[in-house]
Each structure stands twice: as structure tokens, then as C-alpha cells.
Amino acid sequence: MIAHLAYAEGSPCPTLVLDSAQVAQQGTALTDRLTAARRSLGAAGKAHVLKIALVCPSPHPMFDLDYRFVQALPDADDSFDLRGSCGHSILSSTVVAERMGMLPKLSVGGRVRVRVLNNGDSVVCEVDEVKREAAQFTVHFVRTAAVPVTQLLITGEARTTVTVDGELHEVSLVSSGNAYAFIDARTIGIKDPDALFADDESFFDRLGRIRAAVAAQLGWPRGGAFPKIAALLPVEAGRIAARAVSVPSWHPTIALTGAVCLGSAIRIPGTVPWRVTQEVGCPDGLEIITPGGRTAVTADVRDIDGVLALSWASVDRKRVTFQGSFPLEP
């Protein structure tokens, strides 16, 4: 089997993209194939690649590509989490799928419609620019029907309290693109962006323990990748700062799905993101400031018969570079 690597700027690592027709879809056969792929990566000096995408042309008439995301976990070669998705990997898969002949040649203005098998998301990758080894996209997470924003709340509550080391922490648990726990950084002693972006091991560990407590409270694996967690601070009009945890370290920016989730969460009254943005105002969308740059997200939330509902959320200026192909060990 030939494997392909592509890197979406802002991601913690490249994505390994495989033809799903050549991979078992469940059970030990799937785990064995993924484990062998990770060992091949390690042998090639690419053990840091912890994102795997399985893709094929979609049989569904509304989509071009079927996509399944696998988060490789660092504790063992045969440890994986298939619970969520990854926007950066969706874009990487789109670039690779064109080279694999699964898609027509990418062209400016073209749109690739992706069905995310992990969670049922519909994602449209709109091509803004194409070069020999790279492409740039605007990404739209589209709902087939507008969804009341309160249905994005994992627990049905705008804020949920978890206990960690005898202390109470208030978080908002929101699922849009991926499941996230959002916390106001000031409630855990982080008062400004410099402190938020510092290489502080105790801060990282604290967020990790809060995330694990949330997972346990939800009945999800404590050692899995989901829900993800991000700490927030208000900055200025239309801008907030965010620090997110990835696997197994700080995220260099924020996950594309994290931006989508955050852009949606600020429109849900009473949530932590909503409260933070009330201090700065975000009338025309949100700019998220991270250690690795800025990400702009817009969510279309409208009053439909007295109910706030989400139709879509978009993130622009996402660049992907193809990094090459290599054979996997059988």
C-alpha cells in the first residue's frame, strides 16, 4: 500500500492519508493495519505523525469524498481514538485525494464536498489558490438543516462544573465540528495573553487534568483525545485569545474544528465563550489569536421562529502542502 503525507498549516503534525478501500473498516483487522502504518512511519523517521485519514470517493450523490479520521495516541503504537474529526486532516485528505485520482484536478473556485464518517459532518472545501505542491482553502462546515444552538451543548447546559483536586471548575461543553471543553483562563489564574501562551508545564498539566475529569464525567475514555480543551481570554473588539491542548502537547494554533466549535459557542447565550466575547463584542465574526497566528471564523446563527439556530460555520486562509508518498510495510 502507498501512503501519502500532507500538512495543513497550523496543525500539530502532517496527516497520513490512506485509501480506505485497502484498509479494513473495523475490529482487529483495522487496528492491525493502523498499527503497521504507525510502525512504518516510525521506521521512516516520522513517528511524530499522529493523524491518519482513510478516504475514498463517496457513493453518496451529495458528496465527493468519504473521510474517516483516526487520532493515533502516543501511549502505544496500537492505541487510537476514532471518536472525533480533524479539519486540518480533511484539507490534507482533499489535496492527497486529487493526487490519488479520487477527485478531479483542483481549481480556483472549485468545491470538494466531504462526508465525515466519524460524526456525520458535511464539510465543503472551497479552493482559493492552487500551486504545484500546495493549495489554499476556505472551509465550510454546513448543516443540512439549521440546528438550534442549544442542541450543540453536550450536557444540555451552558456551563458544567467539574471537580479537580478538590477545586470546582466551570466549563462549557460544546460539540460543533468536534467536542470541546472551554474554560475562562482567568478562573485558573491566567490573566493575560503572555501567560496564556507561555511554555508553562503546570498550566498544561492543569488543563489536562480538567479535560480528563470532563471525559470521566461524560463517561468517555480519560486517556482518549476527546473532548478537547481550550482556555480563553478576551483581547479587544472582535478578538479573543485561545490556548488549546492537542495530542500529546500544546496545539501550535487551534484545530480547525476548534475554531468552528468556538465560533459556534460564542453564539450560545450563557456559555463561557459567549461570556468572554460579551466583553469585547464580535458582531462580524471572530478572530482567534493563538501562539502560532490568527484564525478567522464566521458562524451563521439566525433567529428562526424565536430559536437561535446554526446553519454553517466557515474558516478561511487554510494552506495545505503535499509532502510526498512512500510504501507501507505489509
Side-chain angles (χ1 to χ4, degrees), residues 10-13 50-51 69 71 73-75 81 83-88 119 152-155 157-165 167-190 193 195-234 240-266 268 271-277 286 288-292 295 297:
S11 177
C13 68
L50 296 177
K51 296 181 182 293
F69 176 65
Q71 177 67 64
L73 301 175
D75 54 332
D81 193 329
R83 186 182 297 270
S85 180
C86 175
H88 287 121
N119 58 15
L152 306 178
L153 298 170
I154 297 172
T155 62
E157 301 176 335
R159 298 183 306 281
T160 300
T161 300
V162 295
T163 303
V164 180
D165 300 331
E167 295 184 26
L168 298 179
H169 296 280
E170 195 173 60
V171 298
S172 289
L173 305 178
V174 183
S175 183
S176 181
N178 260 331
Y180 265 80
F182 295 113
I183 188 168
D184 187 327
R186 294 169 294 187
T187 65
I188 51 176
I190 305 298
L196 186 67
F197 299 156
D199 187 15
D200 186 334
E201 186 174 338
S202 63
F203 175 34
F204 177 83
D205 181 63
R206 193 171 188 185
L207 280 184
R209 293 200 309 276
I210 294 170
R211 193 212 67 80
V214 169
Q217 190 161 306
L218 292 173
W220 297 4
R222 291 178 66 96
F226 304 97
K228 295 181 177 291
I229 190 167
L232 312 176
L233 282 175
I240 65 173
R243 192 79 189 274
V245 173
S246 184
V247 177
S249 58
W250 289 116
H251 199 291
T253 56
I254 187 169
L256 198 155
T257 52
V260 166
C261 194
L262 182 51
S264 304
I266 68 171
I268 308 176
T271 63
V272 170
W274 180 85
R275 284 183 165 185
V276 170
T277 54
L286 174 67
I288 306 166
I289 300 173
T290 70
T295 299
V297 58

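Numbers for residues simply follow the sequence, beginning at 1. Quick caveat: nothing in here was measured; it's all calculated off a predicted structure.
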List the atom of [X], the atom of [Y], and the distance in Å for their closest heavy-atom pair.
{"X": "Leu50", "Y": "Pro248", "answer": "CD1-CD, 3.8 Å"}
{"X": "Trp274", "Y": "Ile268", "answer": "CB-O, 3.2 Å"}
{"X": "Ile254", "Y": "Ala242", "answer": "CD1-CB, 4.3 Å"}
{"X": "Ala241", "Y": "Phe197", "answer": "CB-CZ, 3.9 Å"}
{"X": "Ile188", "Y": "Ile210", "answer": "CG2-CD1, 4.3 Å"}
{"X": "Ala265", "Y": "Val174", "answer": "CB-CG2, 4.0 Å"}

Considering only residues two or more places apart or on different chains, which pairs with a residue in [range] satisfy salt bridge (charged side-chain N to carboxylate O under 4.0 Å, His left out)?
{"range": "residues 212-222", "result": "none"}
{"range": "residues 253-263", "result": "none"}
{"range": "residues 241-250", "result": "none"}

Once you round to the nearest 0.5 Å, how far does [atom1] of [X] lie from [atom2] of [Y]?
{"X": "Asn119", "Y": "Arg83", "atom1": "CG", "atom2": "CZ", "answer": "12.0 Å"}
{"X": "Lys228", "Y": "Gln71", "atom1": "NZ", "atom2": "CD", "answer": "5.5 Å"}
{"X": "Ile183", "Y": "Arg211", "atom1": "CD1", "atom2": "CZ", "answer": "13.5 Å"}
{"X": "Phe69", "Y": "Asn178", "atom1": "CZ", "atom2": "CG", "answer": "8.0 Å"}

Side chain to side chain contact (heavy atoms under 4.5 Å, CB included) with Leu232: of Ile288, Ile190, Leu262, Thr277, only one passes, and it is Leu262
Side chains of [X] and [Y]: closer than 4.5 Å at any heavy-atom pair?
{"X": "Leu218", "Y": "Thr155", "result": "yes"}
{"X": "Pro221", "Y": "Asp81", "result": "no"}
{"X": "Thr160", "Y": "Val214", "result": "no"}
{"X": "Val247", "Y": "Pro12", "result": "no"}

By side-chain contact (heavy atoms from CB on, under 4.5 Å), Ser176 pairs with (sequence neighbours left out) Arg143, Leu152, Val260, Cys261, Ser264, Leu310
- prompt: Taking only residues two or more places apart in sequence or in another chain, which ones pass salt bridge (charged side-chain N to carboxylate O under 4.0 Å, His left out) with Glu170?
  reply: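 For Glu170, the residues satisfying salt bridge (charged side-chain N to carboxylate O under 4.0 Å, His left out) (neighbours in sequence not counted) are Arg159, Arg275.
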*asked:* Can you list everything that forms a salt bridge (charged side-chain N to carboxylate O under 4.0 Å, His left out) with Asp205? Sequence neighbours excluded, please.
replied: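 So Asp205 forms a salt bridge (charged side-chain N to carboxylate O under 4.0 Å, His left out) with Arg209.
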Identify, with sequence neighbours excluded, every residue that meets side chain to side chain donor-acceptor pair (under 3.5 Å) alongside [X].
{"X": "Thr271", "result": "none"}
{"X": "Asp184", "result": "Arg186"}
{"X": "Ser202", "result": "Asp200"}
{"X": "Ser85", "result": "none"}

For Phe203, the ring-ring contact (aromatic ring centres under 6.0 Å, His included) test, sequence neighbours excluded, returns Trp250
Hey, could you give me each pair passing ring-ring contact (aromatic ring centres under 6.0 Å, His included) that has a residue in residues 211-234? Not counting sequence neighbours.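 Listed once each, the pairs would be none.
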